[in-house]
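Have a look at the structure below, then the notes.
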Amino acid sequence: ESGDDELATLARSFNGMAGSLQQRIRELAELSLVQQRFVSDVSHELRTPLTTIRLADDVIYDQRHSFPPATTRTAELLHTQVERFDLLLNDLLEISRYDAGSVQLELEPTNLANLAADCIEGMEALAAERGSDIRLVAPGGHGDVEMDPRRIRRIVRNLLGNAIEHGESKPIVVTVDSDAESVSLAVRDYGLGMSEFDVEHVFDRFWRADPSRRRTIGGTGLGLSISTEDAALHGGILDVWSRPGEGSNFRLTLPRSPGEPVSSFPLPLVP
Ligand code: ADP
């Protein structure tokens, strides 16, 4: 008898707990929708005034040398910050498109090795400026794979930009590889590398490692999270190996067919 009572009490309290847990999950889901809406609305609202500010800034920036030196510097500072604001806003708009699920891929048969070569060519000057150079290792033909080349190019440029930024002027090696199910592209740098803690957070939104190592005003901390979203939309994966002082290896793996996502455990990524 008393055992039954205890069981009934236990069942009731479990029921209560499950109920409030469900309620809490509903609240959290609503909250995150409200948050997504807020980010999207704010970004759209800021777009119009920023366009006007950019036009005014262009005029001022073009004439900066006709001002007294102190004003020239102010004009240059203004220009840098307006550009930074513009980048941030574009990234925020992009993030809110992913959250809303409104991103459509434009798939085309594309050769990843050729795409990599194009991206490298486009970033050679920046690498040289930083005393580095980029080598492409792409043995064999990897065939064409259905992908959205605009988005994949953005991922590769982002990885190359990071490798140049944190690569300590050492050479950067890009490797394109493939097997029956997937094609991959790895960007290896021999620079600063990251701690285990950094590696855990590197794909998080707005994450930037230790501020003291930021030498340029640079990015927004959204580059890799946008790249991750783009990879996932393709059924692909972005992963990383890194060690402090030994550099980093970021790898993008795409399925040969976007309908068949790559396994969430691709081959272990090694130095
Ligand atoms: P951003 O480059 O705009 O800061 P990302 O999302 O591209 O944003 O990168 C987030 C952070 O991850 C960087 O600020 C940097 O701390 C770290 N990171 C990315 N790539 C590398 C790399 N190749 N080597 C060392 N740290 C890196």
Side-chain angles (χ1 to χ4, degrees), residues 39 43 80-99 103 116 119-120 122-124 126-137 150-176 184-234 236-253 269-271:
V39 171
S43 324
T80 315
Q81 294 303 326
V82 169
E83 279 195 335
R84 185 160 155 64
F85 196 164
D86 192 53
L87 281 178
L88 180 60
L89 199 56
N90 282 336
D91 281 356
L92 278 177
L93 282 167
E94 190 71 349
I95 290 269
S96 54
R97 272 181 225 121
Y98 292 116
D99 286 346
V103 176
C119 291
I120 291 171
M123 297 196 71
E124 256 162 7
L126 184 67
E129 233 173 72
R130 297 297 204 88
S132 171
D133 69 288
I134 311 170
R135 295 168 200 168
L136 176 61
V137 182
R150 200 179 60 88
R151 289 181 184 277
I152 300 301
R153 233 176 264 127
R154 182 169 64 180
I155 298 179
V156 178
R157 275 200 299 260
N158 182 224
L159 297 181
L160 287 174
N162 283 341
I164 294 170
E165 169 122 356
H166 307 282
E168 303 276 86
S169 306
K170 309 243 173 57
I172 294 159
V173 182
V174 178
T175 309
V176 177
S184 69
L185 177 149
V187 178
R188 173 72 161 106
D189 73 66
Y190 296 84
L192 289 171
M194 285 178 282
S195 69
E196 251 175 73
F197 182 77
D198 290 346
V199 168
E200 242 174 74
H201 292 283
V202 75
F203 299 112
D204 294 353
R205 289 179 182 182
F206 294 109
W207 170 259
R208 306 187 75 193
D210 177 10
S212 65
R213 61 152 80 165
R214 285 182 226 156
R215 279 157 303 178
T216 54
I217 311 178
T220 58
L222 287 170
L224 285 174
S225 43
I226 289 179
S227 296
T228 307
E229 304 262 9
D230 274 331
L233 278 178
H234 283 81
I237 283 179
L238 200 61
D239 61 352
V240 63
W241 171 95
S242 187
R243 242 185 237 155
E246 292 179 37
S248 310
N249 197 11
F250 280 87
R251 177 179 61 179
L252 168 71
T253 310
L269 187 52
V270 288

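Whatever order the structure lists them in is the order used to number ligands and atoms, beginning at 1.
- A heavy-atom distance below 4.5 Å is found between the side chains of L222 and L88.
- Residue-to-ligand polar distances keep W207 apart from ligand 1: every N/O pair is separated by 3.5 Å or more.
- Contact between G191 and ligand 1 is absent, with no heavy atom of the residue lying under 4.0 Å from the ligand.
- Of the candidates I155, L159, D239, F250 forms a side-chain contact (heavy atoms from CB on, under 4.5 Å) with just one, namely L159.
- Atoms of ligand 1 lying under 4.0 Å from at least one heavy atom of T220, given by number and element, are 3 (O).
- E200 pairs by the side-chain contact (heavy atoms from CB on, under 4.5 Å) definition with nothing, not counting sequence neighbours.
- With distances taken over non-hydrogen atoms, the option nearest atom 20 (N) of ligand 1 out of N249, N158, N162 is N162.
- Close contacts between ligand 1 and G221 involve ligand atoms 1 (P), 3 (O), 4 (O), 6 (O), 8 (O) [criterion: under 4.0 Å to a heavy atom].
- Partners of D99 according to the side chain to side chain donor-acceptor pair (under 3.5 Å) rule, which considers only residues two or more places apart in sequence or in another chain, are R205.
- At least one side-chain heavy atom of F203 sits under 4.5 Å from a side-chain heavy atom of L238.
- Considering backbone and side-chain atoms alike, M194 places every N or O at 3.5 Å or more from each N or O of ligand 1.
- Both the backbone and the side chain of R208 come within contact range of ligand 1, each with a heavy atom under 4.0 Å.
- Some N or O of D189 is nearer than 3.5 Å to an N or O of ligand 1, by distance alone.
- Looking only at side-chain heavy atoms (C-beta outward), V103 and E229 stay at 4.5 Å or farther from each other.
- Residue F250 places a heavy atom under 4.0 Å from ligand 1.
- Side-chain contact between L233 and Y98 is present, with heavy atoms from C-beta onward closer than 4.5 Å.
- Contacts between S248 and ligand 1 below 4.0 angstrom, taking non-hydrogen atoms only, involve the side chain exclusively.
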